[in-house]
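Below is one structure, written out as structure tokens, with a few remarks after it.
The shown structure was predicted, so the numbers you read here are calculated from the model rather than taken from an experiment. Each ligand, and each atom within it, is numbered from 1 in the order the structure gives.
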Amino acid sequence: MQDIEHVHYMPLLGAVMATALLGNRPATFLAIVLSVAADLIMTTRLSLTEATANTILFVLIASVMAEVCHRLASRTALLHSILTSVPVVTLDGEGRILRITAPAADLLGVAPANALNRDFSIFAPDFGERTLSALLQGDALTAPAAGYWMARRPDGEIVPLIIHASLLAHSVDPERVVLSLADQRQALAVNDRMRELMGQLSRSWRLNSMGEMAATLAHELNQPLTAATVYLHAGQTDIARAGPIGDSASRALDLAKTQLLRAGDIIRRMRELIATGGPQLTEERVSSMIEDLRPLFDLIRQDTGVAIRIDVHETRDGVLADRIQFQQAIANLVRNAVDAVCGHGEGLVSVTGRCLANQGYEIRVEDNGPGIAEDQMDRIFQPMMTTKAGGMGLGLSVTRSIVESHDAVLTVGRSPLGGAAFSFCLSPVSELEAA
Ligand code: ADP
């Protein structure tokens with residue numbers, strides 16, 4: 001009879017485990033309580049001691065089994081949610097797709113049901129028989145020379161992919177390989193955009209710096225050329241007094257004067273030729289212009305280890321600007337700030353933008369470097385003034401010209417971060433329209 005009593009527990013234990021697999025912990029607790037109650041009702045002929053011992057034993061076993069079922073259920077749920085959110089396919093030993101998650105099917109441009117049992121190489125032609133057999137032999141998966149795999153979607157779009165592969169142990173299960181796919185379209189688009197921006201910035205830098213150099217040359221040479229012309233003229237007046245004897249010397253001085261004027265013209269023409277023309281001002285958002293530079297800043301951070309913090313408010317950040325010239329100015333200021341903090345402990349460069357009550361939209365680039373001495377603050381804007389080995393001393397003069405061509409003033413001061421702070425204010429478009 002006792003054996004029959006114990007057999008009662010089997011379906012009850014099954015019910016508790018089923019509740020644990022399908023429900024939550026309170027439901028399982030309720031199932032255990034109800035099972036104990038049901039068992040007590042059914043086994044009234046047992047003594048109190050036996051009934052208590054049976055109940056304790058049942059509760060213990062049921063709790064352990066319920067916990068195991070709970071963990072199994074939550075692990076399965078976790079795996080399921082990972083699989084539904086990540087592009088994964090599994091292949092058999094022949095390279096046929098046995099399982100495909102919705103994101104993977106989406107990436108390959110097919111409905112999941114249409115991909116099943118088809119060769120994965122139909123979708124990713126690079127992933128051929130040879131790749132699969134190397135993988136099955138335990139070799140690591142190496143991407144093609146371009147650095148990524150190309151998936152060909154039925155709609156004709158080519159999708160660059162990074163594929164991570166893992167091998168499943170030989171078992172009765174036909175699934176042998178798990179491939180996790182990562183879409184590279186966005187990363188490549190960012191790379192393309194960055195390459196294009198770098199090209200534009202370096203073209204604009206070449207023109208700007210040549211223009212600045214020509215302007216400086218013209219300015220510096222203008223004075224000695226004018227002085228030399230005046231001296232020649234005075235010499236000619238003296239020689240004229242000597243009468244016909246001085247005629248030949250006077251002609252020579254005339255020729256020298258013509259050459260000096262020619263030199264002045266050449267410099268002026270060169271300057272006009274290099275001049276980039278006025279800035280092409282269009283309505284732009286400061287936040288978007290600076291956001292475009294983020295990949296460039298990421299590169300600088302990777303190369304130098306200097307953190308570049310960007311905090312540009314989008315409120316009333318519409319301004320009239322030449323996008324590339326503006327970006328050139330910010331890139332120059334950031335590069336200088338990075339140079340200044342390199343080798344000074346934990347370098348930090350901050351780019352901030354916000355609309356100030358009366359001054360318009362302010363853009364600040366500051367750092368925690370050594371800063372600029374008070375008596376150097378004016379000198380640093382002079383062309384060809386540099387304290388760097390290999391520096392050209394053109395960055396700040398070009399930047400100042402750009403800022404001035406936007407009707408603003410570039411100012412320098414001390415930053416609360418400890419280093420230098422360069423800033424300028426642009427008028428928000430709304431105010432320009434109202435004016
Ligand atoms: P370059 O970078 O070729 O030296 P720049 O005109 O850009 O030319 O800068 C001129 C000088 O100004 C630099 O050599 C440096 O001494 C100083 N300078 C510019 N920015 C900073 C800064 N953020 N902190 C300290 N010094 C700076």
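- In this structure, R285 places its CZ atom where more than 12 heavy-atom neighbours from other residues, nucleotides or ligands lie under 6.0 Å away.
- Listed by number with element, the atoms of ligand 1 under 4.0 Å from a non-hydrogen atom of G391 are 3 (O).
- No donor-acceptor distance shorter than 3.5 angstrom exists from the side chain of R153 to the backbone of V110, with no hydrogens or angles considered.
- No donor-acceptor contact under 3.5 angstrom links the side chains of S405 and Q325, judged on distance only.
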Before giving the answer on side-chain contact (heavy atoms from CB on, under 4.5 Å), spell out for I402 and L410 the whole-Å C-alpha distance, their side-chain angles and the decisive distance to 0.1 Å. CA-CA 9 Å; I402 292 175; L410 179 64; over 6 Å; no
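- Of all atoms in ligand 1, listed by their number and element, those nearer than 4.0 Å to a heavy atom of A420 are 22 (C), 23 (N), 24 (N).
- Nearest to atom 3 (O) of ligand 1 among the protein's heavy atoms is G393 N, 2.9 Å.
- Comparing L396, T387, V398, V334 against atom 9 (O) of ligand 1, the shortest heavy-atom distance belongs to L396.
- Residue-ligand proximity, G371 to ligand 1, at heavy-atom distances under 4.0 Å covers atoms 25 (C).
- In this structure, R262 does not pair ionically with D265, as no charged nitrogen and carboxylate oxygen lie closer than 4.0 Å.
- Listed by number with element, the atoms of ligand 1 under 4.0 angstrom from any heavy atom of G395 are 5 (P), 6 (O), 7 (O), 8 (O).
- The single protein non-hydrogen atom nearest to atom 4 (O) of ligand 1 is T386 OG1, 2.5 Å, given as residue, atom name and distance.
- R354 CZ: more than 12 foreign heavy atoms inside a 6.0 Å radius.
- Taking all heavy atoms of D339, V365, N336 into account, the minimum distance to atom 7 (O) of ligand 1 is reached by N336.
- In this structure, G419 does not count as a contact residue of ligand 1, since none of its heavy atoms falls inside 4.0 Å of the ligand.
- Between the side chains of S288 and R323, at least one donor N or O lies within less than 3.5 Å of an accepting N or O.
- Heavy atoms of P383 come nearer than 4.0 angstrom to ligand 1 in no pair at all.
- V351 is not listed as a side-chain neighbour of L333, based on a closest heavy-atom distance of 4.5 Å or more.
- Of the protein's non-hydrogen atoms, the one nearest atom 23 (N) of ligand 1 is D367 OD2, 3.0 Å.
- Heavy-atom separations between F422 and ligand 1 include at least one value shorter than 4.0 Å.
- Distances between N or O atoms of S397 and those of ligand 1 include no value under 3.5 Å.
- Shown in contact with M385 at under 4.0 Å from a heavy atom are these atoms of ligand 1, numbered in order with element: 10 (C).
- Here atom 12 (O) of ligand 1 lies nearest to I380 when heavy atoms of I380, I372, V341, V412 are compared.
- With sequence neighbours excluded, the residues forming a ring-ring contact (aromatic ring centres under 6.0 Å, His included) with F127 are F120, W149, listed by chain and number.
- When only non-hydrogen protein atoms are considered, atom 2 (O) of ligand 1 lies nearest to K388 NZ, 2.6 Å.
- For atom 22 (C) of ligand 1, the closest heavy atom belonging to the protein is A340 CB, 3.7 Å.
- Between the N368 side chain and the L417 main chain, no donor and acceptor come within less than 3.5 Å of each other.
- With R379 contributing its side chain and D375 its backbone, the two residues share no donor-acceptor pair below 3.5 Å.
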